[in-house]
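Encoded as structure tokens, the structure appears first; notes follow it.
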Amino acid sequence: MTLIDGKMVASELRKEIRAEVAALNRENIRPCLAVVLVGDNPASRVYVSNKEKDCAECGLVSKEHKLSAETGEQELLALIAALNADESVHGIIVQLPLPKQIDEQRVIAAISPDKDVDCFHPYNVGCMMQGNDRFLPCTPAGVMALLDYYHIDPAGKHCVVLGRSNIVGKPQAMLLLRRNGTVTICHSKTPDLAAECRKADILVSAVGKVNLVTADMVKQGAVVIDVAMNRNEAGKLCGDVAFDAVAPQCSYITPVPGGVGPMTRLMLLRNTLTAAARKK
Ligand code: NAP
């Protein structure tokens, strides 16, 4: 069994990002990510500060816009319009979830598709479906980068994705399909999850339930990618997969933490550089 080391792969790829930032700087382009945080959700605050730290480490500029939890939708839309028009800003992310008075889909659709570095805008989602994308959604793209790094080719493999969210499950399935995997998507209404999982050569779990994937659900030699980030009863960070029991029968497996998470963060920087490079 090989442990897929997302931290190591991300740190390798970070060197490439730094070199690309330096090359853009030489052309007087300062790649810049605007990060919008509405309210004071503690998890969101951590995600936002990590994104800013990542930018600083790789030489990108980050501009934080903190708005109060009472912010109205019009005020947020006005900020997005200003960021869309600001030539010094290349990427915009609005940290989700948003307070309930704000319609998330309306906000996502207001971000210029050219600056939509989360790749949530319907236009960019459509481009990804058609295979003529400029951005890819960060978490699924991070999973694909891990597979590539370890020379795991989805072509001809049976890939099973657990979860069908717009952010992870659906785009993950699409990216595996684009790479010629035969893809099954499972969700909460799938009647026999274990039977579906046992067919997987590559199993990607993005549900958010501790110990959902147990050893009897995983085929000998399967590749297991655990996207989830949960807390177990002891408060320890863990994924969906019962790691200790499942790992011995896998060919490759990601740990949580240290698997997909670091790659997601890196892919946001990659998308921001893609947006900045379009300005050349
Ligand atoms: P989400 O929007 O809550 O979606 C969860 C999906 O799991 C839904 O499609 C749901 O099905 C499905 N599901 C729920 N119970 C199930 C069950 N018993 N069997 C099979 N499927 C079931 O979550 P998300 O945003 O996609 O995130 C999923 C997990 O990934 C979370 O733990 C999140 O923290 C983590 N995550 C990690 C990263 C990272 O960088 N590592 C990034 C994003 C998310 P229905 O559609 O039928 O409800």
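Start at 1 and go down the list; that is how both ligands and their atoms are numbered. Keep in mind the model is a prediction, meaning the values are calculated, not measured.
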Applying side-chain hydrogen bond (donor to acceptor under 3.5 Å, both in side chains), run through Asn230 and Asp240 and close with a yes or a no. CA-CA 7 Å; Asn230 311 309; Asp240 289 340; 3.2 Å; yes

Evaluate the side-chain contact (heavy atoms from CB on, under 4.5 Å) criterion for residues Ile225 and Ser205: first the C-alpha distance (whole Å), next the side-chain angles of each, then the deciding distance (0.1 Å), finally the verdict. CA-CA 6 Å; Ile225 308 288; Ser205 191; over 6 Å; no

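For ligand 1, the atoms closer than 4.0 angstrom to any heavy atom of Gly261 are 40 (O), 41 (N). Of all atoms in ligand 1, listed by their number and element, those nearer than 4.0 Å to a heavy atom of Val168 are 26 (O), 43 (C), 44 (C). Shown in contact with Leu193 at under 4.0 Å from a heavy atom are these atoms of ligand 1, numbered in order with element: 19 (N), 20 (C). Those atoms of ligand 1 that come under 4.0 Å of a heavy atom in Gly163, given as number and element, are 6 (C), 7 (O), 9 (O).
Classification of Glu196 and Arg198 as a salt-bridged pair fails, no side-chain N sitting under 4.0 Å from a carboxylate O. A salt bridge does not link Asp40 to Arg45: none of the charged side-chain nitrogens sits closer than 4.0 Å to a carboxylate oxygen. A salt bridge is absent between Asp116 and Arg134; no separation between the charged side-chain nitrogens and carboxylate oxygens falls under 4.0 Å. The existence of a salt bridge linking Arg270 and Glu20 is confirmed by a sub-4.0 Å separation between a basic side-chain nitrogen and an acidic carboxylate oxygen. Lys115 and Asp86 are not joined by a salt bridge, as no carboxylate oxygen comes within less than 4.0 angstrom of a charged side-chain nitrogen. The pair Arg265-Asp54 meets the salt-bridge criterion, since a charged nitrogen lies less than 4.0 angstrom from a carboxylate oxygen.
Given atom 20 (C) of ligand 1, the protein heavy atom at minimum distance is His187 O, 3.2 Å. The nearest protein atom to atom 39 (C) of ligand 1, hydrogens excluded, is given as Thr264 OG1, 3.7 Å; this is a heavy-atom distance. Among all non-hydrogen protein atoms, the one lying nearest atom 18 (N) of ligand 1 is Leu212 CD1, 3.9 Å. Among all non-hydrogen protein atoms, the one lying nearest atom 25 (O) of ligand 1 is Ser165 OG, 4.1 Å. At the top of the distance list for atom 36 (N) of ligand 1, counting protein heavy atoms only, stands Val227 O, 3.8 Å. Of the protein's non-hydrogen atoms, the one nearest atom 32 (O) of ligand 1 is Met229 N, 3.1 Å. Shortest contact from atom 31 (C) of ligand 1 to any protein heavy atom: Gly208 CA, 4.0 Å. Lys209 NZ, 3.1 Å is the protein heavy atom nearest to atom 15 (N) of ligand 1.
Checking only distances, Arg164 does come within under 3.5 Å of ligand 1, N or O to N or O.
Contacts with ligand 1 closer than 4.0 Å are made by heavy atoms of both the backbone and the side chain of Val207. At a heavy-atom cutoff of 4.0 Å, ligand 1 is contacted by no atom of Thr190, backbone or side chain. Contacts between Met263 and ligand 1, counted as non-hydrogen atom pairs separated by less than 4.0 Å, are absent for every part of the residue.
Not a single heavy atom of Gly169 lies less than 4.0 angstrom from ligand 1. The closest approach between Asn230 and ligand 1 falls below 4.0 Å for a heavy atom of the residue.
Counting only N and O atoms by type, the side chains of Asn232 and Lys236 include no donor and acceptor under 3.5 Å apart. Judged by distance alone, the side chains of Lys51 and Gln95 do bring a donor and an acceptor atom under 3.5 Å apart. Judged by distance alone, the side chains of Ser88 and Lys63 do bring a donor and an acceptor atom under 3.5 Å apart.
When Pro137, Ser188, Pro262 are ranked by how near their heavy atoms come to atom 45 (P) of ligand 1, first place goes to Ser188.
Both Met144 and Leu177 are members of a single hydrophobic cluster when ILVMFWY side chains are connected at heavy-atom separations under 4.5 Å.
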